[in-house]
Amino acid sequence: MKFGTKAIHAGLEPDPTTGAIMTPIYQTSTYVQASPGDHKGYEYSRTQNPTRHALEKNFAALENAKHGLAFASGLAATDALMKTLKPGDEVISTNDLYGGTYRLFTKVFEGYGLKFHFVDMTDLSNVSSLINEKTKVVWAETPTNPMMSIIDIRGLADLLKGKDILLAVDNTFSSPYLQNPIDHGADVVMHSVTKYLAGHSDVVMGALMLNDDQLQERLAFLQNASGAVPGPQDSFLVLRGIKTLHLRMQRHSENGREVAQYLRGHEKVDKVYWPGFEDHPNFEIAKKQMRDFGGMISFTMKDDSVDYAVKILERFKLFSLAESLGGVESLSGHPASMTHASIPREERLKSGLKDSLIRLSVGVEDIEDLIADLKQAIG
Ligand SMILES: *Cc1c(COP(=O)(O)O)cnc(C)c1O
């Protein structure tokens, strides 16, 4: 089955009692048993829920994986994967990574004896030089946030071949439509479903997709034992959102291309970060592992002042200033004062994250209106 067909059909069966084409919202905490242990595979909704199960099958199909697991948030999914590790184990992670993941690693799991190394993974030798017998997970995010650097997933997988190390990829920025890390050798894919998968800025949810049966068993155990599961109503909303994932991603990518080119041609704009430019440092890798380049774009101004960036952000009428990304509506953000404020300024500047850097999540509105909004806001 091709992607769009999977998005609409995978995991879904007509409801056995009524034939309802859409999976019902099984809004129940428990299930009646005829006599102790005599049940239909459902005992308690933390452990099993039919709406969630349909969604988990759909998740697996979207990433060409055998198994899918749904969690209450993206961070809860990452949390579950980290809980498969033991004190003393080491993780090598990208340095340009989602702030909440950095906080979970350093402020929670370091306290339980895990060791994290944060490196620039656009240079794979930074990873190979850190690998030792304690390394258990390599954690990559590509494109990175907010600099849109591209990490070579196949290159990382080749590096880890034959070693007992999991390659986990946070695929949130790409969505499964643009990139399927398992096809390039990754072991585990993580999504903040909150973003492109749900797609309508109305749900917080996370997912893990993987092939390994033993790891699936351990993660399903943790999902139930720790209990960070999404409810049936949210599972339904995501099933519904995913039905248009391919259509939304096509429009996000089309609009993203137009916005990136418009910004690049603007006299007041300094740099535009978008992996679809042929002179992007890792364009060849992006082209190899991504189907298109999506709607996430960052740019800096020639007048590199916080004041100017703030003025632009305040003037936006369509690009609402808000955390998050991946919804149908366009959003803007200022990493230096919002998502990345906790990183010291010198560190930010080293990765090119200047004071005037604005991050856009280009939505699926009409492109003429988006360009007009950029024009009036930049001035
Ligand atoms: C939002 C986000 C997360 C965290 O997901 P939540 O659903 O907010 O818990 C992780 N990684 C990336 C890249 C994100 O954008």
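Just so it is clear, the values below take in all heavy atoms, side chains as well, and ignore hydrogens, waters and symmetry mates. We count ligands from 1, going down the list as the structure has it; atoms in each ligand are counted the same way.
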Which of the ligand 1 atoms, numbered from 1, are nearer than 4.0 Å to a heavy atom of L325: 15 (O)
Tell me which protein heavy atom sits closest to atom 15 (O) of ligand 1, plus the residue, atom name and distance to 0.1 Å. K195 NZ, 2.7 Å
Can you name the nearest heavy-atom pair linking M338 to A322, along with the distance? CE-C, 4.2 Å
Where is the nearest protein heavy atom to atom 7 (O) of ligand 1: which residue, which atom, and how far? T194 OG1, 2.7 Å
State whether R315 and D373 are salt-bridged, where the test is any N-O pair (Lys NZ or Arg NE/NH1/NH2 against Asp/Glu carboxylate O) under 4.0 Å. no
Compute the minimum heavy-atom distance from L97 to ligand 1 and say whether it is under 4.0 Å. no
With the threshold set at under 4.0 angstrom, would you say N145 reaches ligand 1 through any of its heavy atoms? no
Rounded to the nearest 0.5 Å, what's the gap from CG on L360 to CG on N255? Could you check? 12.0 Å
Atoms in ligand 1 with a heavy atom of G74 nearer than 4.0 Å: 5 (O), 6 (P), 7 (O), 9 (O)
Under 4.0 Å to a heavy atom of M205 - the qualifying atoms of ligand 1, by number: 7 (O)
Are the aromatic rings of Y102 and F118 close, with centres under 6.0 Å apart? yes
Kindly confirm or rule out a cation-pi arrangement of R264 over F277, judged by NZ or CZ under 6.0 Å from the six-membered ring centre and within 45° of its axis? yes
What do we get for T78 next to ligand 1 when only non-hydrogen atoms under 4.0 Å count, side chain, backbone, both or neither? neither
Tell me which protein heavy atom sits closest to atom 5 (O) of ligand 1, plus the residue, atom name and distance to 0.1 Å. S192 OG, 3.0 Å
Could you say whether the N/O atoms of L75 and ligand 1 ever approach to under 3.5 Å? yes
Please write down residue, atom name and distance for the protein heavy atom closest to atom 13 (C) of ligand 1. D170 OD2, 3.4 Å
Gap separating the CG atom of D96 from the CZ atom of R348, nearest 0.5 angstrom: 13.0 Å
Would H252 and Y196 count as a close aromatic pair, with their ring centres under 6.0 Å? yes
Looking only at non-hydrogen atoms, find the nearest pair between A70 and M205 and report the distance. CB-SD, 4.5 Å
Quick one: look up the protein heavy atom nearest atom 4 (C) of ligand 1 and list residue, atom name and how far away it is. Y98 CE2, 3.3 Å
